[in-house]
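Along the sequence shown, residues are numbered consecutively beginning with 1. First listed ligand is number 1; within each ligand, the first listed atom is number 1.
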Amino acid sequence: MGDEDWEAEIITPHLSSYVPVFEKDRYSSGANGDTFSRTPVPSPEIDDGPSRRDHFMRSGFASGRSLGNRDAGESNKRESAPTMGGFGVGKGFGNRGFPNNKLEEGDSSGFWRESNNFGEDTSAQSRGFSRRGGFQDGNDSEASAPPRRGGRGGFRGCRGGFGLGSPNSECEQDEGTPRTAGLFGSRRPAFSGPGHGDIFQSRSGSGRGGYKGLNEEVVTGSGKNSWKSGTEGAESDDIQGPKVTYVPPAPPEDEDAIFAHYQTGINFDKYDSILVEVSGHDVPPAILTFEEANLCQTLNNNIAKAGYTKLTPVQKYSIPIILAGRDMMACAQTGSGKTAAFLLPILAHMMRDGITASRFRELQEPECIIVAPTRELINQIYLEARKFSFGTCVRAVVIYGGTQFGHSVRQIIQGCNVLCATPGRLMDVISKEKIGLRQVRYLVLDEADRMLDMGFGPEMKKLISCPGMPSKEQRQTLMFSATFPEEIQRMAGEFLKLNYLFVAVGQVGGACTDVQQTVLQVGQYSKREKLVETLRSTGDERTMVFVETKKKADFIATFLCQEKISTTSIHGDREQREREQALGDFRCGKCPVLVATSVAARGLDIENVQHVINFDLPSTIAEYVHRIGRTGRCGNTGRAVSFFDPESDRPLAQPLVKVLSDAQQDVPPWLEEIAFSTYVPGFSGSSRENVFMSVDTRKNFHGKSTLGTAGFSSPQVPNPADDESWD
Ligand SMILES: Nc1ncnc2c1ncn2[C@@H]1O[C@H](COP(=O)(O)OP(=O)(O)OP(=O)(O)O)[C@@H](O)[C@H]1O
């Protein structure tokens, strides 16, 4: 089937009746001890073959067997089917078969409404039966509950087939309001034809309300109570909808695992020459060494065990600012150590203030709340918090969507000083009175621009107006990201004290200069061929391939497996267990290629990712910066290759040229030409996405800044009375 046929397949609706079935996979060990093949297996006769790759290949796709028209009942008799890395998570194979060894993508367009790329829907419970087949997790204590709201019955893989014709079907997006492209809008239509697979419909009259932002954590609301409503219903008991039963495995407890880290790269020392600008008044001087931070011995030990010997620029500036009790917004390039920049001073404060050890209690009152937009990222932050608080009485806890609510509660009630949470789950535990906010002294928004955009912004506003939440004067609010569009900076003021400091490390919104960026002009029908060619030329390098939609992620992952490239996928339609398995397989190198939607664009810190491929370019330049930042981290070098399709990517040409040239990368003449032809006077990113503000937005008015390199703190700028109006 040629590319054009493939596209035709995408836009042609098919009724799905094929249900993939699964078999135990002796190669992979599941998180909960149960092991499953991550591929749909057409029949028990197909052998596993000698290698994992072969296994992938033989599992249905390379076998030459038609998988179509499989009886759903057969699937039902089989074992649970929780994982299927890289393949269509049950949404594309219905009623089709795979003649000629070729995969056809059948997304059942028109039935299952795929979100656009900026609308990753990850709320498992919000999807009803479309996501949750008739299996039970090994740890599923609740799975036998009767189906609710459309039921959990049915079968994995039937996503496409259900929901037809019913506007209230669970197969429709379970959201009260249309998703948006976040603050910035999108160059792609919010509602588009099925060819892009990014249409969605809001449920009208479902009463759950909610919204969906860029790429994570659907938040739904029951509308019962203005501050509670945001997520109630997402995973609470009092709402309709299938329960999420996944209990993530506990992370390893041994010290070696806790402190495992990768090496800083050859460019780590070059960080010292990056220009840093701090704006605001009374800027505490930067520190040059960990010793200057005067942290307690246990923290210093943990820093040493983590392999940190030298501060990164954002740490040099942020640590003293946070230790001085100031609010701040910090913008520093991807992979430059922002997580430790906020964790270390917060933990130091907690230790200094003599925090009381957590005790078992039904209602916990953490001193610190950290929120991040994706489940995998918040988990990563939690692991960092656990590492740095090792051997102290500070207890960090992580809770996130897609996991059993009871599990989150069990984690919390054992004690909680630092709560790491995704917004939906956080609001849920607050509304269930498992978390009280009275003791909150530190509120951290990681990926803050994302946390404040139209996707999560309303939820964050609810959080700060929850009963008990100390006012901004009484708490310390910290925001971190590699991108800070101007409009978001303005909005952030609501959360921060007036005298907050803005730390800009290098170019705000700029790409990491350790990533070698290449942009290739590739039309959509040539992309797959180019992808295979690129991957073959890079051998076994760990590569993240970003695509625009969830269904395309599955499709491309399957396609690559067909091409004998061991691949898995991560996106918001996958069960949380599958997502974690996919990430684990990628991290350990079992699957060196990870196809992902924007859900994996931010924050993920994975060792040895040498290569990022933008199979589809994102709709915003900020997203581009975050995506390519999955490589070239912590002084290591990396490469990013982007397929620019002039048909659809023109609006990105101008900001792309700017990002490339700011990072001293070659700008292809054809790209410059396109950028020139789409020239917008006064451009600085896009009219609504000015990620290139080189300074604190307040500075345009009255702010003062302190400029220095990461190696030296410049003298403080005096605080003239006539410049006081902003603080
Ligand atoms: N001072 C340091 N010395 C050595 N390694 C460090 C130091 N600070 C951070 N790291 C390591 O660098 C890596 C990247 O850090 P981190 O994930 O905090 O980056 P980030 O700036 O938050 O990136 P992103 O913008 O993508 O979220 C991590 O593996 C972290 O452990």
Side-chain angles (χ1 to χ4, degrees), residues 258-272 274 287-293 295 299-300 302-319 330-346 370-374 376-388 420 444-451 478-484 503-506 508-515 544 587 598 600-609 612 622-636 638 640 691 710:
I258 289 173
F259 288 98
H261 61 272
Y262 63 83
Q263 295 304 308
T264 58
I266 49 166
N267 291 335
F268 190 73
D269 288 339
K270 285 196 202 159
Y271 280 161
D272 286 343
I274 297 178
I287 53 172
L288 297 182
T289 62
F290 280 113
E291 292 72 51
E292 281 180 63
L295 307 172
L299 274 184
N300 281 330
N302 292 341
I303 289 167
K305 282 193 252 177
Y308 293 17
T309 53
K310 200 173 159 185
L311 291 157
T312 66
V314 69
Q315 292 163 359
K316 286 174 184 172
Y317 284 80
S318 304
I319 290 175
C331 190
Q333 71 181 46
T334 49
S336 65
K338 294 186 284 293
T339 317
F342 61 78
L343 281 177
L344 290 173
I346 289 174
I370 302 169
V371 285
T374 67
E376 291 75 16
L377 176 56
I378 201 65
N379 206 20
Q380 186 180 295
I381 294 169
Y382 158 71
L383 292 174
E384 293 289 288
R386 189 180 72 134
K387 173 169 83 180
F388 290 122
C420 307
V444 183
L445 274 59
D446 196 26
E447 308 297 343
D449 54 330
R450 176 72 186 93
M451 298 309 299
L478 308 166
M479 301 191 180
F480 284 79
S481 185
T483 51
F484 260 116
V503 176
V505 182
V508 172
C512 173
T513 48
D514 295 328
V515 181
M544 289 178 81
R587 269 186 205 280
S598 284
R602 285 176 179 256
L604 294 186
D605 183 52
I606 300 167
E607 183 173 10
N608 266 333
V609 176
V612 168
E623 201 68 12
Y624 172 83
V625 167
H626 286 281
R627 281 184 183 185
I628 68 167
R630 295 318 97 214
T631 184
R633 298 175 71 75
C634 205
N636 292 287
V691 291

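- The backbone N or O of V609 lies less than 3.5 Å from a partner atom in the side chain of T631, making a donor-acceptor pair.
- Residues passing the side chain to side chain contact (heavy atoms under 4.5 Å, CB included) test with I303, sequence neighbours excluded: F290, L295, N300, Y308, L344, F388.
- The 4.0 Å heavy-atom shell around ligand 1 contains residues Y262, T264, F268, Y308, K310, T312, Q315, Q333, T334, G335, S336, G337, K338, T339, E384, E447, G603, D605, R630, R633, C634, ordered by chain and number.
- Take K310 and apply the salt bridge (charged side-chain N to carboxylate O under 4.0 Å, His left out) test, not counting sequence neighbours, and it matches D269, D272.
- In terms of modelled atom types and a separation under 3.5 Å, the side chain of E292 and the main chain of L288 share a donor-acceptor contact.
- Legend: residues meeting ring-ring contact (aromatic ring centres under 6.0 Å, His included) with Y262, ordered by chain and number and at least two apart, are absent.
- At most 12 non-hydrogen atoms from other residues, nucleotides or ligands lie less than 6.0 angstrom from CD of Q263.
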